[in-house]
Undergrad: 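One structure is given below, represented as structure tokens, and several questions about it will come after.
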Amino acid sequence: MPPQMKLALLAIATAIAMAPGALFAASTSSPAALTKQECSACHLQYPSFLLPKRSWGAIMGDLSNHFGEDASLDDAARAKIEAYLKSTAADSNGQSPNWLRAIPASEIPLRISGLPWFQYQHGSRVKNWIKSHPEVGTISNCTACHRGAEKGYFDDE
Ligand code: HEC
Ligand code: HEC
């Protein structure tokens, strides 16, 4: 084998070894499947309809600095996931739900758990419960209390 070809093969092998999921997934998976794969590795897949497009843009634009973790993706996967999240966001159909209209357009919420309606729904009763149940971790661990959170169902209480 000519040395140049060897080098090229080595480069491909290294790339595949380093990012098997990303390389494959970005080109073959549906946007929904790719998002599920990449965005439920560390926590449940947060429902995209609970944040507006601008939030998903900001989150996907700063993945190397993601709530204290490095959640970086290659560019193709990142772009595909961002497009999917925006197309299913709270304001994806050009209209905003009431809770979103209450937030100034200049504000870019980065956490569902930081939204005013969320704070209202999860008052001191819920926060105290988490304190006495350390296995829950943080309020961001939606599935600890909402069994249907992964599918976007929350009215199970
Ligand atoms: C390497 C691990 C990791 C990956 C991968 C990851 N995240 Fe996260 N994410 C975190 C951590 C850690 C937090 C903070 C959780 C907490 O505060 O308890 C977080 C929090 C979040 C929150 C805020 C939750 C809240 O409190 O409302 C959103 C939204 C979010 N991630 C979206 C995503 C999306 C979209 C992806 C896929 C592109 C993703 N995450 C992939 C680690 C990760
Ligand atoms: C420690 C338990 C706990 C955690 C963790 C938690 N919730 Fe909740 N959530 C509740 C309770 C309890 C209520 C009902 C509040 C009430 O009616 O007084 C509620 C209400 C809600 C509602 C309103 C449901 C309705 O029928 O109006 C939504 C939506 C919701 N939570 C989403 C989330 C999301 C998203 C997360 C994660 C980011 C989360 N919750 C984390 C306990 C929790």
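Numbering of ligands and ligand atoms starts at 1, following listing order. Just so it is clear, the structure is predicted and the values come from calculations on it, not from any experiment.
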Undergrad: Nearest non-hydrogen contact with atom 11 (C) of ligand 1 belongs to which option: Y84, F67, Y46?
TA: F67

Undergrad: Counting from 1, what ligand 2 atoms have a heavy atom of I130 closer than 4.0 Å?
TA: 1 (C)

Undergrad: Please state the angle at atom 8 (Fe) of ligand 1 spanned by NE2 of H43 and NE2 of H66: what is it, rounded to 10 degrees?
TA: 180°

Undergrad: Go through ligand 1 atom by atom and flag the ones less than 4.0 Å from a non-hydrogen atom of M60.
TA: 38 (C)

Undergrad: Show the atoms of ligand 2 that are less than 4.0 angstrom away from any heavy atom in W129.
TA: 1 (C)

Undergrad: Looking at F154, which atoms of ligand 2 are within less than 4.0 Å of one of its heavy atoms?
TA: 24 (C), 28 (C), 29 (C), 30 (C), 32 (C), 33 (C), 34 (C), 35 (C)

Undergrad: What is the nearest protein non-hydrogen atom to atom 27 (O) of ligand 1, stated with its residue, atom name and distance?
TA: I112 N, 2.7 Å

Undergrad: Determine which of the N, O or S atoms in H146 is closest to atom 8 (Fe) of ligand 2 and give its atom name.
TA: NE2

Undergrad: How many angstroms lie between CZ in R111 and CD in Q119, if you round to the nearest 0.5 Å?
TA: 10.5 Å

Undergrad: Quick one: list whatever passes salt bridge (charged side-chain N to carboxylate O under 4.0 Å, His left out) with R78, sequence neighbours left out.
TA: D75, E82

Undergrad: Would you check if atom 8 (Fe) of ligand 2 lies under 2.8 Å from any N, O or S atom of H122?
TA: yes

Undergrad: Closer than 4.0 Å to some heavy atom of Q121 - which atoms of ligand 2 meet that?
TA: 15 (C), 16 (C), 17 (O), 20 (C), 23 (C), 27 (O)

Undergrad: Please could you name the atoms of ligand 2 that L50 approaches to less than 4.0 Å, counting only its heavy atoms?
TA: 35 (C)

